[in-house]
Amino acid sequence: MNSKTLVYILKRIGLAILTVWVVITVTFFVMHAVPGGPFMSEKAVSPAAQAALEAKYGLDKPLIEQYFTYLKDIVTKFDFGPSLKQRGRQVIDVIRDGMRTSVKLGVIAAAGAAAAGIPLGAVAALRRNKLIDKVIMVITTAFVSMPSFIMGSLLLVLFAIRWALLPANGSTAQGLILPIITLALYPMAYITRLTRSSMLDVLGQDYIRTAKAKGVSGVKIIFGHALKNSLIPVITYFGPMLAYIVTGSLVVEQIFAVPGIGRAFVSSITNRDYPMVMGTTIILAVLIVVMNLVSDILYKVVDPRINLD
Amino acid sequence: MQKIFTMHVDVDAFLPATEEEKEYMVQMRPSSTFFKDGVKRLLKNRVATISLIIILLITLSSIFIPMFWPYSYDSMLGVRPGKPVDASYNNLAPFTYGKTELKMIDNGEKVFPHVFGTDASGRDYFVRVVYGTRISLAVGFFASIIVLIIGMTVGSIAGYCGGKVDLVIMRIVDIIYSLPDMLMVILLASVLKTTLGPALEGTALEKIGSNIISLFIVFGVLYWVSMSRLIRGQILSLREQEYVLASRAAGARGGWVIRKHLLPNCISVVIISTALQIPNAIFTESYLSFLGLGVNAPMPSLGSLASDALNGLSSYPSRLVIPAVVISLIVLSLNLFGDGLRDAFDPKLRT
C-alpha cells in the first residue's frame with residue numbers, strides 16, 4: 001500500500017464521518033420540524049402532564065441545546081433515548097432485538113446472492129450467446145425489473161398459499177426461507193450480470209490469450225486468471241447491495257411478518273414513534289455508509305490502478 | 001504564354017472544371033448528422049425499437065383510454081344515490097357483471113364489460129390500472145425532469161467555473177451521494193406527510209397529494225448528484241476545446257458559452273441518463289406506496305394498486321399480478337431502451 005492509497009483511505013473515512021453527521025443532523029431537524037412536536041399524542045393530556053412529559057424528555061430546552069445533547073448521547077453513550085410507543089424501552093434495545101433477526105436475514109441473503117450470482121455470471125460469459133446464456137440473461141433481467149415487494153408477494157402466494165410448501169410467517173427459522181429468497185433474488189441477478197460483463201471483458205484481454213498460447217488448461221485459465229480478475233468490479237457492488245438489502249428488508253419483513261428492524265421501522269413511522277424513527281434511520285444509515293466505505297477501500301486495495309476521485 | 005512577372009497568377013489553375021472533373025464532386029449520398037446517425041443505429045437495434053414501441057403504446061393508452069372508457073377510476077359501481085349499496089359489484093371476476101347490469105343485459109341493453117373485473121369497493125379495475133399507469137409514468141417523468149434541471153445547472157456551473165467553486169460543489173455532491181437515499185426518502189415522506197398535508201389543503205396541489213410532492217422534493221434534493229457529476233465530467237473536457245476559446249475571445253460570457261456550446265455537446269449523455277432515471281423514480285414511487293407513503297386515495301398508482309391487492313391476495317391474485325406485470329414491463333422496456341440509446345448515441349460508452 002503506497003502513500004497515495006493511504007491518503008485516499010483517510011479522505012474516504014473523513015467523508016464517511018461527515019456523512020454520518022449530516023444524517024444525524026438532517027434526521028434530528030427534520031423530525032423536530034413536525035408541528036406539535038414529536039411528543040404530541042392523540043389522547044388529551046392535561047397541560048401539566050404535558051409540561052412534565054416535555055421536561056422529562058428535555059423538550060422544554062431550546063432546540064439547539066436538545067440537538068447537542070442528542071448528538072453527545074449518541075457519540076459517547078450510543079444512547080438514542082427512550083421509545084415513545086413501547087413504554088419503558090430504550091430505542092437502542094428495540095433496535096438490537098430487531099437487528100438479531102435482520103442481520104441473519106441480510107447476511108444469508110447477501111451470501112446466497114454472491115454464491116449463486118458469480119457462478120451463473122461466469123457460466124453465462126463462458127457460454128456467450130449460447131442457449132444457457134440467453135436463458136440466464138432473460139431470467140436475471142426479469143428479476144432486476146421487479147420491485148421487491150411484488151416479488152415477495154408472488155412468492156408468498158405461490159409457495160405459502162397455493163402449494164403450502166413453506167410457512168408464510170417469518171418468525172420461525174423455517175419461515176425465514178421465503179424472505180431470504182425474496183431479498184436475495186435482485187442482488188443475485190445483478191451480480192450475475194455484473195460478473196458476466198466483467199468476465200467477458202477479461203476474457204478478451206491479452207494475458208488470457210498468452211495463457212492459452214502457452215497451453216495452460218482451460219480450468220486453470222478460468223479459475224486462476226479470468227474469474228479472479230473479473231470479480232474486482234463485483235466488490236464495488238457490496239456497498240449498494242447492502243443498501244438494497246436494508247431498504248428491501250423494510251417491505252419484505254412487512255410481507256412475511258418477520259420480527260426484524262425493518263418492520264419495527266415501518267411500524268414506528270405509522271405509530272409516529274419519532275425517537276424510534278430517528279434512531280433506526282441513523283443506525284441503518286451508519287451501516288450503509290460503513291459498508292460503502294469498506295467496499296470502496298477494498299476495491300482500491302485490490303486494484304491500486306483505479307482512480308476513484 | 002510567357003510569364004513576365006513572378007507575381008503573375010497562373011491562369012490555367014482558374015479554368016472551369018471539365019465534365020469529367022465534375023463527376024468526382026457528386027455526393028454519392030447526403031451527408032448524415034450526428035442525430036440522424038444515432039437514430040439509424042437505434043432503429044437497427046431490435047430490442048430497443050421494440051421497447052420504444054411498448055413504451056409508446058403504454059403511454060398513449062394511459063393518456064387516451066380513460067377519456068372514452070365508460071367507467072371512472074373512483075366511481076364505486078354498486079353505490080347509487082338513494083339506494084342501499086349493491087355488494088354484487090364488489091370483487092367481480094373479469095368479464096362478469098353486477099345485478100343491475102345483468103338485468104340490463106336481459107333487457108337487451110349493451111353493458112360495457114369489466115375487462116379486469118372490479119376491486120373490493122366495486123371500482124372497475126381495468127380503468128384503475130390504466131389510470132395508475134398514467135400516475136406512475138407522470139411521477140417518473142416529472143421526477144426525472146427535476147433531476148435533469150437541477151443536475152444540469154449545478155454540474156455545468158461546477159465544470160465551467162472549476163477551481164474553488166468546483167471543489168465546494170463536488171464535496172457537497174460527495175456527501176449527498178453517500179447518503180442512504182431510500183432511508184432519507186422514507187424519513188422526508190413521513191414527515192412531509194404531516195407538515196405538507198394541511199398546507200396544501202384547498203390548493204390545486206392537494207389532488208396530487210403531499211406524498212408525491214415530497215417524493216419530488218426528495219428527488220430534487222438527493223438524486224441530482226449523479227447527473228451533475230456526469231455533466232461536470234463532460235463539461236470539464238469540453239471547455240478546453242478551441243471553439244470555447246474562440247467564443248470567449250469573441251466576448252461571450254459564461255452563461256452563453258454553457259448554454260450555446262457546452263450543454264448541446266453533452267446532450268446525448270443527458271438524454272440517456274434521464275431515460276434511465278424514469279424507471280428508478282417509478283420504482284421508488286411503488287415502494288413508497290407499499291409503505292403507505294404513496295399517492296392519496298382514491299387516486300391509484302401502480303404501486304398502491306399492488307399493495308392494496310395484498311389484502312385479498314389469496315382469493316384475487318390477478319389484482320396483484322396485473323399491476324406487477326405493468327410495472328415490470330415499463331421498467332424493463334425503459335431500461336432496455338435507455339441501454340439502446342446509450343449504444344446508439346454515445347459511442348465512447350459502448351462496450
Side-chain angles (χ1 to χ4, degrees), chain A residues 12 15-16 18-23 26-27 30-31 33-36 141-142 144-151 153-154 156-158 160-162 197 200-201 239 243-244 246-248 250-251 254-255 265-266 268-270 272 274 277-278 280-282 284-289 292-293 296 309, chain B residues 47 170-172 174-195 197-199 221 279 282-293 302-303 306-307 309-310 313-317 320-321 323-325 327-336 351:
Chain A
R12 201 61 194 66
L15 183 66
L18 201 62
T19 309
V20 169
W21 173 74
V22 170
V23 168
V26 168
T27 315
V30 162
M31 280 327 239
V34 180
T141 311
V144 169
S145 51
M146 199 184 280
S148 54
F149 71 91
I150 288 178
M151 181 73 80
S153 323
L154 288 179
L156 184 78
V157 172
L158 291 179
I161 298 173
R162 272 289 139 83
S197 69
L200 283 179
D201 198 36
Y244 171 82
V246 166
T247 47
L250 300 190
V251 296
Q254 195 80 358
I255 295 171
F265 185 48
V266 174
S268 70
I269 289 175
T270 36
R272 300 213 216 154
Y274 293 107
V277 175
M278 282 159 73
T280 320
T281 309
I282 292 167
L284 292 181
V286 168
L287 204 69
I288 291 172
V289 168
N292 271 327
L293 177 74
D296 269 10
D309 281 330
Chain B
V47 177
M170 288 329 278
R171 284 296 84 78
I172 295 172
D174 278 346
I175 292 173
I176 294 180
Y177 196 77
S178 41
L179 286 178
D181 44 4
M182 266 308 196
L183 289 177
M184 293 289 124
V185 172
I186 295 171
L187 184 76
L188 283 180
S190 65
V191 170
L192 288 175
K193 193 179 180 176
T194 44
T195 40
V221 174
I282 292 177
F283 242 74
T284 312
E285 189 276 326
S286 68
Y287 182 89
L288 285 177
S289 287
F290 180 81
L291 294 179
L293 298 168
L302 290 175
S307 65
L310 291 179
L313 190 55
S314 43
S315 328
Y316 313 104
L320 172 71
V321 173
V325 167
I327 292 183
S328 306
L329 204 62
I330 293 175
V331 171
L332 183 63
S333 41
L334 275 170
N335 275 329
L336 290 175
T351 44

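Everything quoted here is computed from the prediction, not taken from an experiment. The sequence lines fix the lettering, A, B, ..., with proteins before strands; numbering per chain opens at 1. No hydrogens, no waters, no symmetry mates; every other heavy atom, side chains included, goes into these values.
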So, taking the atom named [atom1] in [X] and the one named [atom2] in [Y], what distance separates them when rounded to the nearest 0.5 Å?
X: B/Leu291; Y: A/Gln254; atom1: CG; atom2: CD; value: 7.0 Å
X: A/Asn292; Y: B/Tyr177; atom1: CG; atom2: OH; value: 9.0 Å
X: A/Ser145; Y: B/Ile330; atom1: OG; atom2: CD1; value: 11.5 Å
X: B/Leu183; Y: A/Thr247; atom1: CG; atom2: OG1; value: 7.0 Å
X: B/Ile327; Y: A/Met146; atom1: CD1; atom2: CE; value: 9.5 Å
X: B/Asp174; Y: A/Thr19; atom1: CG; atom2: OG1; value: 8.5 Å

For [X], is it the side chain, the backbone, both, or neither that has a heavy atom closer than 4.5 Å to a heavy atom of chain B?
X: A/Leu156; value: side chain
X: A/Leu154; value: both
X: A/Phe265; value: side chain
X: A/Ala243; value: neither
X: A/Val30; value: both
X: A/Ile288; value: side chain

Quick one: what part of B/Val325 sits under 4.5 Å from any heavy atom of chain A, side chain, backbone, both or neither?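 No part of it gets close to chain A.
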Okay, B/Leu320 and chain A: the region with an atom under 4.5 Å from a heavy atom over there is side chain
Correct closest heavy-atom pair for B/Ala306 and A/Phe149 would be CB-CE1, 3.6 Å
For the student: nearest non-hydrogen atoms of B/Phe283 and A/Val144, plus distance: CZ-O, 3.8 Å
Report the option among B/Ser307, B/Pro317, B/Ser286 that has the most heavy-atom pairs separated by less than 4.5 Å from atoms of chain A. B/Ser286
Would you mind reporting whether B/Phe290 and A/Pro147 have side-chain heavy atoms less than 4.5 Å apart? no
Would a 4.5 Å heavy-atom cut-off, applied to side chains only, mark B/Met184 and A/Thr281 as touching? yes
Evaluate the side-chain contact (heavy atoms from CB on, under 4.5 Å) criterion for residues A/Leu250 and B/Ile186: first the C-alpha distance (whole Å), next the side-chain angles of each, then the deciding distance (0.1 Å), finally the verdict. CA-CA 11 Å; A/Leu250 300 190; B/Ile186 295 171; 3.2 Å; yes
Going by side-chain hydrogen bond (donor to acceptor under 3.5 Å, both in side chains), name the residues that satisfy it together with A/Thr280, two or more places apart in sequence or in a different chain.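 Listed in chain order: nothing, the list is empty.
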Apply side-chain contact (heavy atoms from CB on, under 4.5 Å) to A/Leu18 and list each qualifying residue two or more places apart in sequence or on a separate chain. A/Trp21, B/Ile175
